[in-house]
Amino acid sequence: MSSEIKQLLMKPGLFSSDPQSLLRIRHTCAHVLGMAVQAIFPETKVAIGPWTDTGFYYDFDRAEPFTPHDLTKIEKRMRRIIKANLPVVREVIDRQQVRKEIERENEPYKLEILDGIAVDETITRYFIGHTNDLDTDTALDPVKSKNPNYWWDLCAGPHLSHTGEIVADAFALESLAGAYWRGDETKPQLQRIYGTAWETAEQLQAYLTQKEEAKRRDHRKIGKDLDLFSIQYDAGGGLVFWHPKGARIRLLIEDYWRQAHLDSGYELLYTPHIANLDLWKTSGHFDFYRESMFDQMEIESQHYQIKPMNCPFHVLAYKNQLHSYRELPIRLAELGTVYRYERSGALHGLMRVRGFTQDDAHIFCLPDQVTSEILGVLNLTEQVLSDFGFTQYEVYLSTRPDKSVGDNEIWDLATNALIGALDAKEWKYTVDEGGGAFYGPKIDIKIRDAIDRQWQCSTIQVDFNLPERFDLKYAAADDTRQRPIMIHRAIFGSLERFFGILIENYAGDFPLWLAPVQVRLLPVADDFYDYAVSVATQLKQLGYRVEVDKSKERLGRQIRNAELAKIPIVAVIGEREMASNTLSIRTRKSGDHGSLTTAALQERMQQAIISKQQI
RNA sequence: GCCUUUGUAGCUCAGUGGUAGAGCACUUCAUUGGUAAUGAAGAGGUCACGGGUUCAAUCCCCGUCAAAGGCUCCA
C-alpha cells in the first residue's frame with residue numbers, strides 16, 4: 001500500500017513542472033473559501049487564509065459556530081464559484097485607500113494585517129469576479145456582501161488567473177477547528193476551516209489514500225487491537241500502561257539499547273524519581289519550566305520534585321568525585337522515567353504523554369574531544385535507528401539564539417564541533433539559524449517512516465549551562481581545575497513515543513526480533529495438543545517466544561486468529577508432523593514454507609532475527 | 001487550557017420521548033478437524049456521570065468527565 005502511494009506521488013508528470021502551481025491552486029482555493037463563506041454568512045469576518053502542505057485553511061470570526069452541515073453548503077458554494085470561472089485579478093493599491101475600504105467593510109483582522117505590512121512594501125490585493133459586471137450602485141460602493149460574484153482580499157499572491165483553473169474534483173473541505181488569532185491564546189479564538197487541494201483528482205486520491213493508510217496504522221488503534229498498551233482514565237490522562245505484549249517489546253528494546261550503549265563505551269545509571277526541589281532551582285529548570293512540572297510534595301519540611309528530566313541527576317553522579325582529565329570522556333546513560341505536566345488538550349496516545357522514559361545520556365568531555373564524541377553519538381544513533389528499520393534521516397543544526405548563555409568563544413567551539421562531526425559523517429544538514437537551546441547548539445534528527453512521514457526523535461545538544469550552574473570540574477594536566485563540556489543526547493527521545501512510531505511504521509507487523517510472540521503452534525485436533533506443548537517448551541528453552549493455540553477451534557479459524565494477531569510464524573501440528581517430527585510452517589509475510597524440522601525452523605528464524613527482518 | 005465533534009455490551013456500531021438491538025469476542029453443548037470465520041444455545045448494558053423539563057428521558061435542555069480533530073505549549 002505505502003509503496004503504491006509513494007509511486008503514485010513520485011510518478012513523473014503527476015505533479016506539474018511549475019513548483020508554484022500547487023501553491024497558486026491552494027492560495028486561490030483559500031480565497032474561494034473566504035468568498036463562499038461570506039456569501040452564505042455575510043456577518044462573518046475574515047482573518048487569514050494561507051496554504052499548507054496539503055491544502056489550505058481560512059480563519060473566520062463568527063458568533064455562531066459552523067456545523068459540519070455548513071461545511072457541505074460552503075463546499076457547494078465553492079464549486080459554483082469555480083464553475084463560474086471568475087477572473088482572479090491582482091491590483092497594487094495605495095495603503096490609505098485600501099484602509100478606507102477595509103474600514104468600510106468593517107474587517108478588523110484585515111486592518112491588523114494591513115498595519116503589519118512594512119511601510120516600504122508594495123500592497124496588493126486580489127479580486128475574484130468581474131468588477132465591470134457590477135451595476136452602477138455597487139460599483140460605487142464595492143462592499144463584498146452586496147454582490148455574490150465579487151470579492152477581494154489583501155494578499156501577496158500568487159494566484160491562478162481564473163477560479164475555473166481549480167480542478168473541482170481535486171479539492172475538498174476537510175474539517176473545522178478552533179484557532180487563536182495570530183496563534184496567540186490570549187487573542188480571540190476563531191473558527192478555522194481546513195481544505196485540501198491538488199492539481200488532479202488522481203493526486204487528491206493519493207492524498208486521501210495516504211490519510212487512510214495513516215489511520216489504519218494509528219498506534220492507538222493497533223495498540224488496542226493487539227493489546228499492547230492502554231491509557232486509563234481511572235489512572236489519569238497521559239499515563240501509559242504497558243500490557244504484557246507491549247511490555248515484552250519494550251523489554252527487547254531496552255535490552256538492545258543497554259547492550260548497544262555498553263558496547264559504545266557508556267556506563268549505565270539508575271537514579272531516583274524524585275529529588276529535593278533545590279536541585280531544580282540550581283539547574284534553572286524551576287525558573288524556566290515551572291509551569292510544566294508536577295507540583296512539589298513536602299517531606300519533613302523539605303520540598304521534593306518528581307523529576308521532569310534526568311540531567312541534574314547525571315550531573316550529580318559526575319560531581320560526586322573529582323575526575324582527572326585522563327578519565328574523560330565519561331558517558332553516563334539511563335533509561336530515565338520523567339513526568340511533565342502537559343495540558344489535557346495536548347495529550348495524544350503514546351506520542352504526547354505525562355510520564356515517559358527518556359533514553360538519556362550525558363557525556364562529560366574535554367573541549368578537544370567534542371567533535372569525536374559527537375561523531376560517536378551520530379554513529380550510534382545511525383546504528384540504533386537503522387536496526388529499528390529507519391534508514392532515512394533529515395538532519396538539522398540549530399545555532400545560537402538571541403537569548404542565550406555562554407560566551408561567543410564556547411558557542412563557536414561547540415557549533416564547529418557539531419559541524420565537524422556532521423562533515424566527518426558526511427551527513428547533509430539544514431541550518432536552523434538561532435534555533436538552538438539557550439544553553440547550547442544542537443543537532444536534531446528526523447526519521448522517515450514506511451509511509452514517508454517525518455518524526456523527530458534523536459537530539460544531540462551541547463550544554464554550557466549545567467556545568468556552570470553545578471560548577472563541574474575536572475583536574476587538568478597542570479593540576480588546574482577546568483570545566484568539562486557536557487553533551488546531552490537521546491536517540492529514541494521517549495520510549496513511549498518511539499514505541500508509538502514503531503507501531504505505526506510496522507503497522508503492528510513487528511520484525512521477528514521484536515515480535516512479542518514469534519511462533520504460534522496450531523494443533524489441528526485435541527490429540528496433538530500435548531505434543532504441541534512439548535514442541536513449544538523445546539522452542540522456549542532455545543529462547544524463542546512461542547505459544548500454543550488453546551482454542552480447540554478448527555485450523556482455518558486458528559490461522560485466521562493468528563493472522564489477525566499479526567503473529568509472524570504459525571506452525572501447524574497434526575498427524576503428519578507428529579509422525580515425521582516436523583512442523584508445517586506458514587509465515588505472515590511469505591505464506592507456506594512447507595514441512596520443516598525444528599532445527600530448520602530455528603535456522604530460518606535465526607537468520608531473520610540477526611538481520612532484524614520480517615520473516 | 002481553548003474551539004468543534006463524539007460518548008449505547010469487552011470491540012465495531014445501529015436505534016427510539018413509552019422497560020434496549022446487531023455482528024464480532026466471551027461461556028456452554030455438539031462437531032476430532034489440514035492453511036483466513038463449524039453449528040446451536042447462553043450470558044453480558046444505571047444507554048459516560050450529575051442535575052433539569054416531562055405522566056414518562058438513553059433520546060430534549062444545563063453542567064461535569066472523557067475521547068477525537070485542531071489551536072496553544074513541548075527543557
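Everything numeric here is computed off the predicted structure, so don't read it as measured data.
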Which word best sums up how the rings of A:His273 and A:Tyr339 line up, parallel for under 30°, tilted for 30 to 60°, or perpendicular for over 60°? tilted
The nucleotide from B:A75, B:A25, B:A37 with an atom nearest the side chain of A:Arg557 is B:A25
Considering only nitrogen or oxygen atoms on both sides, find all protein atoms under 3.5 Å from nucleotides 9-12 of chain B and state each distance.
none

Does a nitrogen or oxygen in the side chain of A:Arg586 sit under 4.0 Å from OP1 or OP2 of B:A36? yes
Distance between the P atoms of B:G17 and B:C59, in whole angstroms? 11 Å
Considering only side-chain heavy atoms of A:Arg343, which listed nucleotide, B:A36, B:G1, B:G69, is closest? B:G1
In whole angstrom, give me the gap between the C1' atoms of B:G51 and B:A9. 26 Å
In this structure, how many angstroms lie between the C1' atom of B:G1 and the NE2 atom of A:His348, rounded? 18 Å
Measure from CZ on A:Arg352 to C1' on B:A68 and round the result to the nearest Å. 16 Å
Quick check for you: among B:U31, B:C71, B:G34, whose closest atom lies nearest to any side-chain atom of A:Tyr194? B:C71
In RNA chain B, consecutive runs of at least three Watson-Crick or G-U pairs below 3.5 Å, as range with range, amount to B:1-7 with B:65-71, B:10-13 with B:21-24, B:26-30 with B:38-42, B:48-52 with B:60-64
A:Trp242 (side chain) donor-acceptor with A:Ser230 (main chain) under 3.5 angstrom: no
Grab the CZ-P distance between A:Phe464 and B:A75 for me, whole Å please. 18 Å
Taking the side chain of A:Ser292 as its heavy atoms from C-beta onward, which of B:A75, B:U35, B:U32 lies nearest to it? B:A75
If you look at every strand shown and take non-hydrogen atoms under 4.0 Å, does A:Gln191 touch a base, only sugar-phosphate, or nothing? nothing
Salt-bridge criterion met for A:Glu174 and A:Lys211 (N-O under 4.0 Å): yes
Please find the pair of heavy atoms, one from A:Tyr266 and one from A:Ala361, that lie closest to each other, and give the distance. CE2-CB, 3.6 Å
Under-4.0 Å side-chain N/O to phosphate OP1/OP2 contact, A:Arg220 with B:G69: yes
One thing to verify: whether A:Arg220 and A:Asp218 come together as a salt bridge, which I'm taking to mean a side-chain N less than 4.0 angstrom from a carboxylate O. yes
Decide if the gap between the ring center of A:Phe492 and the ring center of A:Phe499 is smaller than 6.0 angstrom. no
Measuring from the side chain of A:Ala346 (C-beta onward, heavy atoms only), which nucleotide among B:U72, B:U35, B:G69 has the closest atom? B:U72
For nucleotides B:U5 and B:G10, find the distance between their P atoms and express it as a whole number of Å. 28 Å
Please state how far atom CD in A:Gln558 lies from atom P in B:U32, giving the value in whole angstrom units. 16 Å
Where the side chain of A:Tyr439 is concerned, which of B:U38, B:A75, B:G69 is the nearest nucleotide? B:A75
Whether the side chain of A:Tyr180 and the base of B:G1 hold a donor-acceptor pair under 3.5 Å is what I'd like checked. yes
From the set B:U4, B:C71, B:A36, return the single nucleotide nearest to any side-chain atom of A:Pro65. B:U4
Test salt bridge (Lys or Arg N to Asp or Glu O under 4.0 Å) on A:Glu563 and A:Arg520 and set out the steps. CA-CA 10 Å; A:Glu563 289 287 341; A:Arg520 186 182 281 180; over 6 Å; no
With a 6.0 Å cut-off (strictly less than), is the heavy-atom count around CZ of A:Arg290, excluding the residue itself, greater than 12? no
Among B:G33, B:G1, B:C73, which is the nearest nucleotide to the side chain of A:Glu342? B:C73
Looking at every non-hydrogen atom in both residues, tell me the closest pair between A:Ile487 and A:Glu373 and how far apart they are. CD1-CB, 3.9 Å
Candidate pair A:Tyr57 and A:Thr52, rule side-chain contact (heavy atoms from CB on, under 4.5 Å), full reasoning: CA-CA 8 Å; A:Tyr57 66 81; A:Thr52 68; 3.5 Å; yes
Mapping A:Gly238 and A:Ile573 to their closest nucleotides on RNA chain B, which lands nearer the 5' end? A:Ile573
Using whole Å, what does the distance between atom P of nucleotide B:C74 and atom CZ of A:Arg340 come to? 11 Å
Compute the centroid of each ring, for A:Tyr289 and then for A:Trp280, and state whether the two points are separated by less than 6.0 Å. no
What is the distance from CZ of A:Phe60 to C1' of B:C71, rounded to the nearest Å? 16 Å
Base, sugar-phosphate, or nothing: which does A:Glu291 touch, judged by heavy atoms less than 4.0 Å apart? nothing
Taking the nucleotide of RNA chain B with the closest heavy atom to each, which residue, A:Leu555 or A:Gly345, is nearer the 5' end? A:Gly345
Base, sugar-phosphate alone, or nothing: which one does A:Ser283 contact when heavy atoms must sit under 4.0 Å apart? nothing
Quick one: which of B:C71, B:G1, B:U31 gets closest to the side chain of A:Arg554? B:U31
Rounded to the nearest Å, what distance is computed from the CD atom of residue A:Gln232 to the P atom of nucleotide B:A66? 15 Å
Axial cation check for A:Phe313 ring with A:Lys307, 6.0 Å and 45° limits: yes
Check every strand shown and say whether A:Gly574 touches a base, only sugar-phosphate, or nothing at a heavy-atom separation below 4.0 Å. base
For A:Tyr180, is the NZ or CZ atom of A:Lys187 found under 6.0 angstrom from the centre of its six-membered ring and inside 45 degrees of the ring axis? no
Answer yes when A:Asp471 and A:Arg483 have at least one side-chain N-carboxylate O distance shorter than 4.0 Å, and no when they do not. yes
Is the centre of the A:Tyr529 ring less than 6.0 Å from the centre of the A:Tyr531 ring? no
Protein-nucleotide distance (A:Glu553, atom CD; B:G33, atom C1'), rounded to Å: 11 Å
As a test of reading the structure: which of B:G69, B:G34, B:U4 is closest to the side chain of A:Glu577, going by heavy atoms? B:G34
Work out how far the C1' atom of B:U19 is from that of B:C47, and round it to whole angstrom. 13 Å
Please classify the nucleic acid contact of A:Gly183 as base, sugar-phosphate, or nothing, using heavy-atom distances under 4.0 Å. sugar-phosphate
Tabulate protein N/O versus nucleotide N/O from nucleotides 42-46 of chain B, keeping only pairs under 3.5 Å, one per line.
none

Does a side-chain N or O from A:His488 land closer than 4.0 Å to OP1 or OP2 of B:A75, or not? no
